[in-house]
Amino acid sequence: MSKSQRLVEYLKSKGVAAELWRFPDRFTAIGRMIDSYLSGKTDADDAAVHLLFSANRWEKREAMLAALHAGQTLVVDRYAYSGAAFTAAKKVPGLDLEWCKAPDKGLPAPDAVIYLAMKPEAAALRGGYGNERYEKEEMQKEVARQFSLLADDTWHTVDAAQSIEDVEIQVRDIADSAVAACSEGPALRLLWEAKNKL
Ligand code: TMP
Ligand code: MG
């Protein structure tokens, strides 16, 4: 079971209505194009692919908002921050971080981002790694650098090299606080309204 799924199960066990979402959603028409690109079956222009990833979030916007307004807590495995960090890491002239963030502007923003930090060398030892596009050490190092530029006031970094129990304790703690803060009713924020941490 993924860490995100485990978090959903934990929240549910506490009586919080929670759902697991993940991006890319590989099962829509756009998602199938993304899946084909990630698995290396097809190539595509970097900007075009970036916009597909973003469109894959926009096509889920109404459903996300409906779930949120119905009181669901959404645990989302990757979102617009991955979108911006991965494309910016490619260093394509013109596609800088601001360009990469732009298409997601206006999507619902997360109340808390949990960033599981792990050295690319350690990540490479994990199962299921290395088969898809981007799963290369150099790329992952640059992605981590781009993520650090995206850190804002929603951001929480957890050291993923710790034991799974310790990671889980911290992740749960962050999620508990976010759920509690939201139940006090702050308005839904939109991307990219959070304040940068730098
Ligand atoms: P995952 O399904 O294992 O999370 O892999 C998705 C891959 O796609 C991962 O390498 C990150 C990348 N990605 C983007 O490049 N842009 C995006 O918008 C998202 C959500 C993921
Ligand atoms: Mg993967």
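Everything numeric in this text was worked out from a predicted model, so none of it was measured. For ligands, and for the atoms within them, numbers begin at 1 and follow the listed sequence.
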- Task: Record the part of Arg22 in heavy-atom contact with ligand 1 below 4.0 Å; permitted values are side chain, backbone, both and neither.
- Result: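 Answer for Arg22: side chain.
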
- Task: Check Leu38 against ligand 1 and report side chain, backbone, both or neither, counting heavy atoms closer than 4.0 Å.
- Result: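 The side chain, only.
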
- atom 2 (O) of ligand 1 [closest protein heavy-atom partner, distance rounded to 0.1 Å]: Arg26 NH2, 2.9 Å

- Query: Should Glu135 be listed as contacting ligand 1, given a heavy-atom distance under 4.0 Å as the test?
  - Reply: no

- Task: Indicate the ring-plane relationship of Trp99 and His50, choosing parallel, tilted or perpendicular according to the 30° and 60° boundaries.
- Result: tilted

- Give me the ring orientation class for Phe86 and Tyr134: parallel if the planes are under 30° apart, tilted from 30 to 60°, perpendicular past 60°.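 It falls in the tilted class, 30° to 60°.
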
- Atom indices of ligand 1 within 4.0 angstrom of Arg57 heavy atoms, with elements: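 That gives atoms 17 (C), 18 (O), 20 (C) of ligand 1.
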
- Message: Counting only nitrogen or oxygen atoms and a 3.5 angstrom limit, does Arg78 reach ligand 1?
- Response: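 Yes.
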
- Check the pair Arg145 / Glu142 against salt bridge (Lys or Arg N to Asp or Glu O under 4.0 Å), numbers first and verdict last. CA-CA 5 Å; Arg145 203 181 71 82; Glu142 186 54 28; 3.1 Å; yes

- Item | For the student: nearest non-hydrogen atoms of Thr42 and Met33, plus distance |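 Heavy-atom minimum between the residues: OG1-O, 4.4 Å.
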
- Note on the structure: To atom 21 (C) of ligand 1, the nearest of Phe53, Tyr37, Phe86 on a heavy-atom basis is Phe53

- So Arg61 and Asp104, salt bridge (Lys or Arg N to Asp or Glu O under 4.0 Å) or not? Walk me through it. CA-CA 11 Å; Arg61 172 177 171 268; Asp104 285 297; over 6 Å; no

- Query: Taking the side chain as C-beta and beyond, is there a heavy-atom pair between Trp58 and Leu51 under 4.5 Å?
  - Reply: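 No; the side chains remain at least 4.5 Å from each other.
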
